[in-house]
Amino acid sequence: MWITATCFLEFHVQVATPFLFMLRPRSGWQQWVGREEYILSPSVPAVEFADPFGNLCQRLIAPPGRFTVHTAVDIQCAEASDAAPGAPFVEVHLLPEETLPFLLPSRFCESDRFTRMAASIVNGEAPGYDQCTAIVNYIRQTTRYAPGSGQDIVSACEVNQRSEAVCRDLAHLGIACCRALSIPARMVVGYLENLQPMDLHAWFEAYVGGRWYTFDPTRADLQGARVAIAYGRDAADVAIYTQFGDPVELLSMKVTVDRMEKPG
């Protein structure tokens, strides 16, 4: 299926301010970019580079005053994410090298502190995909998804002490528990069809059965088209924008995700 997704950001900038943006999805085996727009107003020079995780990053200096970023993409993707109950655990010595950084504790995913808890959650489950599912079920049963409830980034240890959290923080907890079981897990930020309220969304992927699979503690199932924009160890790696210097006010942000007819 094809969807069209847009993101609009409006800032009030006091002084010329360096920015890094991460707003362009890449084509890959799970999604194919057919058309895209990236409009800066006022227009300023920008340089694009790929970060260590392969994310496309745009570097620029925003001038003082009103500054906007509008992106739009027509992209082909699946109507639902793949599921693979029973997909096996991959022994660490057999993991692809590119998955190894996602085994280690990170700033917001303190997996070294979840060894006992993770083992308790997955007790009796077959190693691999079924363990990841048990972790998601645990999070859904113990922590309520509350979109818009917090702006500050919360680590896995912190969210484990709370009764509600946003998608990003629930993903942190899932990632930490997976890594505690030696299952590579990474953060994903992107678009999700039919999300309410509509916004950019965060979930996690775990490497089992020889590939990455999607897991989302905010949803009861894996229905709905997803477009991945950025991958990383945790939220510190996947911020859609980072500004440096004096604080900049985000005046507005609007995200849309809609189905469309096949192009051409």
**Message:** Centre-to-centre under 6.0 Å for Y38 and F21, is that the case here?
**Reply:**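 No.
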**Asked** Are W212 and F102 close enough that their ring centres sit under 6.0 Å apart?
**Response**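 Ring-ring flag for W212/F102: true, centres closer than 6.0 Å.
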Within the side chain of [X], is there an N or O that forms a donor-acceptor pair under 3.5 Å with the backbone of [Y]?
X    : Y    : result
H172 : V154 : yes
T17  : V13  : no
E110 : C157 : yes
E193 : G224 : no
S120 : A118 : no
D237 : R233 : yes
E125 : G128 : no

Report yes or no: do [X] and [Y] belong to one cluster of Ile/Leu/Val/Met/Phe/Trp/Tyr joined by side chain heavy-atom distances under 4.5 Å?
X    : Y    : result
L40  : L56  : no
L192 : V73  : yes
M117 : F204 : yes

**Message:** Could you check whether S106 and R179, counting side-chain N and O atoms only, form a donor-acceptor pair closer than 3.5 Å?
**Reply:**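 Distance-only check passes for R179 and S106.
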What is the distance from atom [atom1] of [X] to atom [atom2] of [Y], rounded to the nearest 0.5 Å?
X    : Y    : atom1 : atom2 : value
D130 : F89  : CG    : CZ    : 13.5 Å
I3   : D74  : CD1   : CG    : 9.0 Å
I183 : C132 : CD1   : SG    : 4.0 Å
E158 : F108 : CD    : CZ    : 8.0 Å

**Message:** Whether R211 engages the ring of Y213 as a cation-pi pair (distance to the six-membered ring centre under 6.0 angstrom, angle to the ring normal within 45°) should be assessed.
**Reply:**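 Ring-cation test returns yes.
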**Message:** Can you see whether W203 has R226 sitting over its ring - NZ or CZ less than 6.0 Å from the centre and within 45° of the normal?
**Reply:**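 Flagged: R226 positioned over aromatic ring of W203.
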**Item:** Derivation of the side chain to side chain contact (heavy atoms under 4.5 Å, CB included) call for V44 and F67
**Value:** CA-CA 10 Å; V44 296; F67 181 70; 4.2 Å; yes
**Request:** List the steps and the verdict of salt bridge (charged side-chain N to carboxylate O under 4.0 Å, His left out) for K254 and E10.
**Result:** CA-CA 9 Å; K254 182 178 181 181; E10 180 184 14; over 6 Å; no
**Item:** Minimum heavy-atom distance A146-V166, with the two atoms named
**Value:**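 In this case the closest contact between A146 and V166 is O-CG1, 3.5 Å.
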**Item:** Pairwise side-chain contact, F49 with L20, heavy-atom cut-off 4.5 Å (strictly under)
**Value:**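 Yes - at least one pair of side-chain heavy atoms lies under 4.5 Å apart.
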**Test log, rule side chain to side chain contact (heavy atoms under 4.5 Å, CB included), inputs L181 and I135** = CA-CA 11 Å; L181 300 171; I135 289 168; 4.0 Å; yes
